[in-house]
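Okay, structure first, notes after.
Lettering follows sequence order; numbering is per chain, from 1.
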Amino acid sequence: MASLTGAHTTSPANVQLRRKKVPWTAKEEELLKMGVRKFTSVNDRNIPWKKILEFGSSVFLMGRTTIDLKDKWRNMCKGSPRAK
DNA sequence: CTAGGGTTATAA
DNA sequence: TTATAACCCTAG
């Protein structure tokens with residue numbers, strides 16, 4: 001008994017607050033670009049992230065949300081033009 | 001549901 | 001310390 005091996009499934013101390021910092025995969029960026037390029041229209045000012053997420057829900061990582069897509073796209077587009 | 005802002009963590 | 005990438009919360 002006394003099997004105090006701890007370690008359940010995620011690192012020594014369980015990280016309850018804030019998810020793990022998982023870097024986006026190349027497939028994610030590709031699918032995101034493809035979805036936006038294939039969905040967004042000249043009539044649709046906004047971006048149907050919801051549709052895009054469902055479009056590649058099989059490839060997207062687990063725990064990804066529409067907020068994350070918008071965030072990545074914005075953070076990328078902001079630091080894309082003109083390398084600082 | 002989509003858009004914007006603020007904060008945290010990691011790398012250079 | 002600064003910059004980059006990612007995550008969470010709030011507002012329209």
Side-chain angles (χ1 to χ4, degrees):
Chain A
M1 304 100 163
S3 47
L4 205 87
T5 34
H8 288 143
T9 168
T10 46
S11 312
N14 257 20
V15 186
Q16 220 166 23
L17 268 81
R18 227 179 198 70
R19 234 180 293 181
K20 218 215 175 274
K21 179 101 71 117
V22 50
W24 276 56
T25 55
K27 211 89 194 226
E28 283 282 85
E29 293 182 72
E30 243 175 284
L31 196 73
L32 176 62
K33 194 197 149 94
M34 200 203 284
V36 172
R37 186 93 153 158
K38 236 172 147 69
F39 276 91
T40 195
S41 313
V42 292
N43 244 334
D44 279 344
R45 224 275 226 184
N46 63 333
I47 304 175
W49 303 110
K50 225 264 166 113
K51 232 119 197 132
I52 299 164
L53 190 79
E54 294 258 314
F55 177 72
S57 55
S58 310
V59 181
F60 278 105
L61 260 57
M62 172 166 79
R64 214 107 286 186
T65 40
T66 55
I67 310 274
D68 289 326
L69 294 169
K70 202 207 87 65
D71 267 30
K72 213 244 178 314
W73 195 259
R74 213 213 206 261
N75 255 337
M76 246 199 180
C77 214
K78 227 177 169 181
S80 200
R82 269 246 184 267
K84 232 153 69 147

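Separation of atoms NZ (A:Lys70) and CG (A:Asn46) is listed at 12.0 Å; rounding is to 0.5 Å. The CZ atom of A:Arg19 lies 8.5 Å from the CE atom of A:Met62; values are rounded to the nearest 0.5 Å.
Side-chain N/O atoms of A:Trp73 include none lying less than 4.0 angstrom from OP1 or OP2 on B:dA3. Not one side-chain nitrogen or oxygen of A:Arg64 sits closer than 4.0 Å to the OP1 or OP2 atom of C:dA6. OP1 and OP2 of C:dT4 both lie 4.0 Å or more from every side-chain N or O belonging to A:Trp24.
Listed candidates were B:dG4, C:dC8, B:dT2. Nearest to the side chain of A:Lys50 is B:dT2.
Of the residues listed (A:Ile67, A:Leu32, A:Thr65), the one engaging A:Trp49 in a side chain to side chain contact (heavy atoms under 4.5 Å, CB included) is A:Leu32, and it is the only one.
Between the side chain of A:Asn75 and the base of C:dA6, a donor-acceptor pair under 3.5 Å is found.
Rounded to a whole Å, the CG atom of A:Leu32 is 14 Å from the P atom of C:dA5. A straight line from CG of A:Leu69 to P of B:dC1 spans 13 Å, rounded to a whole angstrom. Between A:Ile67 atom CD1 and C:dA11 atom P there is a gap of 13 Å when expressed in whole angstrom units. Residue A:Lys51 contributes atom NZ, which lies 11 Å from atom C1' of B:dC1 at whole-angstrom precision. In this structure, NZ of A:Lys70 is placed 13 Å from C1' of C:dC9, rounded to the nearest angstrom. Rounded to an integer number of Å, the gap from CD1 of A:Ile47 to P of B:dG4 is 9 Å. For A:Asp68 and B:dG4, the CG to P distance is 16 Å, given to the nearest whole Å. Atom CZ of A:Arg74 is separated from atom P of C:dT4 by 15 Å (rounded to the nearest Å).
Both A:Asp71 and A:Thr66 lie close to DNA chain B; mapped to their nearest nucleotides by heavy-atom distance, the more 5′-ward contact belongs to A:Thr66.
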Inset, instruction - Show your reasoning for whether side chain to side chain contact (heavy atoms under 4.5 Å, CB included) applies to A:Leu69 and A:Phe60. - result: CA-CA 10 Å; A:Leu69 294 169; A:Phe60 278 105; 3.6 Å; yes

Inset, instruction - Given side chain to side chain contact (heavy atoms under 4.5 Å, CB included), test A:Val22 with A:Arg64 step by step and report yes or no. - result: CA-CA 10 Å; A:Val22 50; A:Arg64 214 107 286 186; 3.4 Å; yes

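A:Leu53 and A:Leu61 fall into different hydrophobic clusters, where Ile, Leu, Val, Met, Phe, Trp and Tyr side chains are chained together by heavy-atom contacts under 4.5 Å.
Without hydrogens or angle criteria, A:Ser41 side chain to A:Phe39 main chain gives a donor-acceptor distance under 3.5 Å.
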With 3.5 Å as the limit, what N/O pairs link the protein to nucleotides 9-12 of chain B?
residue: B:dA9; atom: N3; partner: A:Lys21; partner atom: NZ; Å: 3.2

